Amino acid sequence: MESPGIRAMGQNLESHMVSVLLPVFDPDPRQLRQAIDSILLQTFGELELLILDDGSRVPIHLPSSSRIRYQRLPRKGLAATLNAGIQLAKYPWIARQDADDWSHPRRLERQLGFLWRHPDTAILGTGAMLHQRDGKSLWEAPMPRRVTRIANSSPFFHGSVVFRRQAALAVAGYCEQMGAGQDREFFSRLLQFGMGRNLHDALYHYRFQPQSITATQRPDMIRADHALLAGDARVARREYWRSIRSNPLQPVAWGKLGRAALFGMTQ
């Protein structure tokens with residue numbers, strides 16, 4: 001059944017078709033299937049799902065679907081793999097999806113509808129629900145609604161974003177020479193084409209993995225970081241204090257508490 005959000009696009013639907021880039025390297029089969037199903041079951045159906053295999057050493061088993069395109073690539077890392085996907089994409093909009101996360105069924109409908117109504121938006125992400133590796137829910141992580149510049153912390157969940165393919169090509173894609181932070185640096189260049197925004201609702205499900213830097217951090221510090229990004233200084237101060245009380249010898253927490261206090265004074 002066609003949703004009201006899709007009907008509202010009317011004759012503009014063709015210009016809002018989306019290519020979803022899903023890079024994989026030796027993925028967990030169950031997590032990958034959940035990620036794929038979450039895209040194929042989107043209420044917005046005008047999409048292709050590009051599975052970009054970055055030289056996996058194990059076989060990749062995919063469901064049968066005319067909307068899936070599988071591309072085997074030499075092992076070059078995430079940035080090069082995503083750049084290959086941007087080149088291969090057929091449609092004007094690029095969406096991201098990570099192989100160990102999954103999306104709410106209405107994620108793309110909500111995002112493409114918003115982009116149709118706000119053509120000045122260059123990057124659109126969403127809030128997220130955070131999960132343990134086994135899928136157990138932790139908490140919601142809202143992100144800032146408006147992004148005009150990008151500093152030390154990315155204001156987007158990388159797997160949740162949608163951006164214009166032509167803009168990505170114009171800025172030459174992701175920097176393949178960088179180690180960490182390729183997404184943040186890429187997004188900062190995309191902002192020359194318009195605003196960065198996030199939908200408030202948790203339309204993306206982010207799973208912590210053992211190799212993730214944030215997976216080793218204290219939960220209260222993670223909650224505080226997300227609250228500060230989302231502009232909620234009160235929650236950020238509360239969570240930083242909680243972390244400090246448990247271990248006062250944390251210069252990082254003290255510094256972030258100071259930032260949260262200053263932010264609260266300027267609200």
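No experiment lies behind these values; they were computed from the predicted model shown.
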Any residue meeting side-chain contact (heavy atoms from CB on, under 4.5 Å) with His104, in chain and number order, not counting sequence neighbours: Arg106, Leu203
Counterpart residues, salt bridge (Lys or Arg N to Asp or Glu O under 4.0 Å), relative to Asp26 (two or more places apart): Arg57
Asp54/Arg75 salt bridge by N-O under 4.0 Å criterion: yes
Qualifying residues under side-chain hydrogen bond (donor to acceptor under 3.5 Å, both in side chains), relative to Asn198, sequence neighbours excluded: none
Side-chain donor-acceptor pair present, Ser103, Gln97, cut-off under 3.5 Å: yes
Under 3.5 Å side-chain donor-acceptor pair for Asn83 and Glu176: yes
More than 12 heavy atoms of other groups within 6.0 Å of Arg146 CZ: no
By side-chain hydrogen bond (donor to acceptor under 3.5 Å, both in side chains) - contacts of Arg110 (at least two apart): Asp201
side-chain contact (heavy atoms from CB on, under 4.5 Å) partners for His118, two or more places apart: Phe114, Asp120, Thr121, Arg197
For Arg67, all residues meeting side-chain hydrogen bond (donor to acceptor under 3.5 Å, both in side chains), sequence neighbours excluded: none
Partner set under ring-ring contact (aromatic ring centres under 6.0 Å, His included) for Phe187, not counting sequence neighbours: Phe156, His158
Qualifying residues under side-chain contact (heavy atoms from CB on, under 4.5 Å), relative to Leu191, sequence neighbours excluded: Ile123, Val147, Ile150
Flag for Arg165-Gln87: side-chain donor and acceptor within less than 3.5 Å: no
Listed partners of Glu48 passing side-chain hydrogen bond (donor to acceptor under 3.5 Å, both in side chains), at least two apart: Ser19, Arg69
Qualifying residues under side-chain contact (heavy atoms from CB on, under 4.5 Å), relative to Pro63, sequence neighbours excluded: Arg33, Ile36, Leu40, Ile68
Heavy-atom check, side chain of Asp98 versus side chain of Leu22, under 4.5 Å: no
Residues Gln111 and Arg107: side-chain donor-acceptor under 3.5 angstrom: yes
Salt bridge (Lys or Arg N to Asp or Glu O under 4.0 Å) contacts in which one or both residues fall within residues 177-191, not counting sequence neighbours: Glu185-Arg189
Those residues that, when tested against Arg117, pass salt bridge (Lys or Arg N to Asp or Glu O under 4.0 Å) (two or more places apart): none
